[in-house]
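Below is one structure; the comments refer to it alone.
For reference, positions follow the sequence shown, starting with 1. Just so it is clear, the model here is predicted, and its values are computed rather than measured.
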Amino acid sequence: MTTTPAAPTRPVRLFSWQYYTHNNYGDALLVEAVRALFHSFGGRRYFRVEDGADSRYPIGPRLVERANTFDAALIAGGGVIIPRNHDLSGWAFRSSVATARQMRRTIVFGVGFNLYRNHTGLAPVFKEHFEAVIEDSPFVGLRNHGSIERVKEIVDPRLHHKIVFQPCPTTFLRQLVDGAGDPHAVPERARRVTLQVTRSPSEKDDRVAEQVLRACRSLKAAGYEIELASFFAKFDAVFPDYLRAHGFDDFTFVEMNTEDRDVLLGPRHFSQVPIVVATRGHGAMVPFGAGSLVVPIDNSPKMVYFAREVGIDDLLIDVDDPDLGARIVANVERCHDDYEAMQERATKERERLYDVSLENLARIYHALTGAMPDERECVPLGELEVWLSSRLHAKTMLFEGRTRGPAAPKAKPSGPASLTDDERAGVARAWLRDRREELYAEGDVARATQVRRALEVVTDPTAPATTVGRGARYVRRRLGLGAGRP
């Protein structure tokens, strides 16, 4: 008796709006973790992320029109609900409200409400923009229940039922790719601790650095091997410099980024680190997912949200605690002394986050196709598959390296006394170019044209200001008569 083979599953084709960066390791790894989750889900049969764009750059109608040709688009991961694009969208998605209304079937997946202590709130336009994005969305998942509560305070109650919990996939990345560590293993108990400490833009003095120095000295006296890790050199690398400047250099330093480096460096590394003290969102999530015990420091609400979500709020330390250094030492010692019990608690949480995500992906596939997956477990991607999956990342890294990396033109010193006339013109040109792109992204061609003409004048002070004058100059150039005014 012969059996009829099952009909092949049609993978859902996805367009991804994400942050592509090599300077912030958490954001860089997150891009790969999202694709790894969707590609590996259900025996690798149900989803394909086939194209994408960096949402930091202007998003206009033509790009949205392209995204709409896919089965769905994906705004995936990161603390993108943060004050950005004040007059455009109110958050870290650079499109106008009008353009957002053209977006179809946009999945919001694992994003976070990311206001810091120095933020006063989101711009009023955020409500209108976010509602436009999720109106036609088959799935809206935020990365913790704290973010869910804050967003529900803003958006219309008729949309509240759409907003559900979707953990960040960096917290269970070992389930998704080979070579990132055994998902069932934990680091060996040892007197070893990594500190990932960032300098908040709102800090006006060295109080936190002084407390970290005290903690390091006490931990070293207690026999701990100390390491400092940087997830974003601009804000994290100041601490190793401070420690060395104050006579403490008995530590190792590891810098996480993805410029010419293994994108899985973080999970591989932290799978061997038993205890991590963290101030960054992904500085906590990545080690937690790799098997480390995490002592979170509350320097922003997102750290509180994460700590509560995974049941480690009893280890949370307020960054403003006058005994911050002593509290760090006490909580590290507690993790070491109760290591097995605390790892058992953390392991259950990692499994829960993974299980919730499998259920959510099944829901997404059903919403888009009408069919429910008959298989949900992820089959981890191998080394070659991870490389193929990261080609989009590599492409955007090349662009970022030219525009934001070491090869990018260096910013000129600011201040009236330090700028020459040419430098002031350069600043004006840069601002006008950004404004022109924003207006084109909004679809306001008339104003964008005005700004483009202003840019021409700033770029070339001899440029004619009228349409007739520009036409005459064009004709003179074509005839080889020079470019001066007629």
Side-chain angles (χ1 to χ4, degrees), residues 14-21 24 26-38 49 52-56 59 67 72-85 88-95 100 103 105-116 119 121-123 125-155 159-173 280-282 284-286 289 300-306 308-310 353 356-357 360-361 363-364:
L14 298 174
F15 183 97
S16 175
W17 304 103
Q18 290 185 263
Y19 267 27
Y20 299 95
T21 177
N24 185 325
D27 288 343
L29 179 65
L30 174 59
V31 172
E32 303 306 316
V34 167
R35 281 205 297 273
L37 173 59
F38 277 86
V49 181
D54 192 325
S55 57
R56 291 173 300 177
I59 298 167
L74 186 65
I75 300 176
V80 294
I81 303 179
I82 190 172
R84 294 284 189 275
N85 304 305
L88 199 60
S89 68
W91 61 307
F93 193 83
R94 201 171 179 186
S95 86
M103 297 168 66
R105 304 175 305 280
T106 301
I107 299 163
V108 178
F109 192 86
V111 307
F113 190 89
N114 197 27
L115 268 66
Y116 288 83
H119 289 150
L122 296 167
V125 71
F126 169 77
K127 178 181 187 299
E128 186 179 7
H129 192 281
F130 194 73
E131 289 177 352
V133 170
I134 69 174
E135 186 75 45
D136 188 45
S137 174
F139 182 84
V140 182
L142 305 189
R143 67 187 182 187
N144 47 60
H145 284 84
S147 293
I148 292 172
E149 292 168 5
R150 293 302 304 274
V151 171
K152 283 185 175 180
E153 292 171 0
I154 299 172
V155 303
L159 298 170
H160 285 188
H161 72 281
K162 283 178 168 280
I163 304 172
V164 299
F165 173 46
Q166 170 53 53
C168 178
T170 59
T171 58
F172 51 88
L173 184 59
R280 281 191 170 277
H282 281 102
M285 284 185 269
V286 173
S300 65
K302 66 179 176 181
M303 296 301 292
V304 179
Y305 300 156
F306 175 70
R308 290 175 179 169
E309 194 62 58
V310 299
L353 302 180
V356 167
S357 300
N360 285 343
L361 263 69
R363 288 176 57 187
I364 292 170

Donor + acceptor pair across side chains of Asn360, Ser357 (<3.5 Å): no

4.5 Å side-chain heavy-atom contact, [X] and [Y]:
X      : Y      : answer
Phe165 : Ile148 : yes
Met103 : Phe93  : yes
Lys162 : Val155 : no
Lys302 : Arg143 : yes
Val49  : Val34  : no
Leu361 : Phe109 : yes
Leu30  : Pro169 : yes

Between [atom1] of [X] and [atom2] of [Y], what distance do you get to the nearest 0.5 Å?
X      : Y      : atom1 : atom2 : result
Thr106 : Ile134 : OG1   : CD1   : 11.0 Å
Asp27  : Arg56  : CG    : CZ    : 8.0 Å
Leu353 : Thr171 : CG    : OG1   : 4.5 Å
Leu14  : Arg105 : CG    : CZ    : 10.5 Å

Pair Glu149 + Lys152, salt bridge at N-O below 4.0 Å: no

Side chain to side chain contact (heavy atoms under 4.5 Å, CB included) between Val125 and Leu88, intermediate numbers included: CA-CA 7 Å; Val125 71; Leu88 199 60; over 6 Å; no

Is [X] reaching over with its side chain to a backbone N or O of [Y], donor-acceptor style, under 3.5 angstrom?
X      : Y      : result
His282 : Gly78  : no
Asn114 : Ile81  : no
Ser147 : Gly112 : no
His145 : Tyr305 : no
Arg94  : Ile59  : no
Asn85  : Trp91  : yes

Aromatic centroids of His119 and Tyr116 separated by under 6.0 Å: yes

Stepwise side chain to side chain contact (heavy atoms under 4.5 Å, CB included) check, Ser89 with Arg84: CA-CA 8 Å; Ser89 68; Arg84 294 284 189 275; over 6 Å; no

Can you name the nearest heavy-atom pair linking [X] to [Y], along with the distance?
X      : Y      : value
Ser137 : Ile107 : OG-CA, 4.0 Å
Asn144 : Phe306 : ND2-N, 4.4 Å
Ala76  : Gln18  : O-NE2, 3.6 Å
Leu115 : Gly121 : CD2-CA, 3.5 Å
Leu122 : Gly90  : CD2-O, 3.6 Å
Phe15  : Ala67  : CD2-CB, 3.6 Å

From Val151, Ile154, Leu159, residue fulfilling side chain to side chain contact (heavy atoms under 4.5 Å, CB included) relative to Phe130: Val151

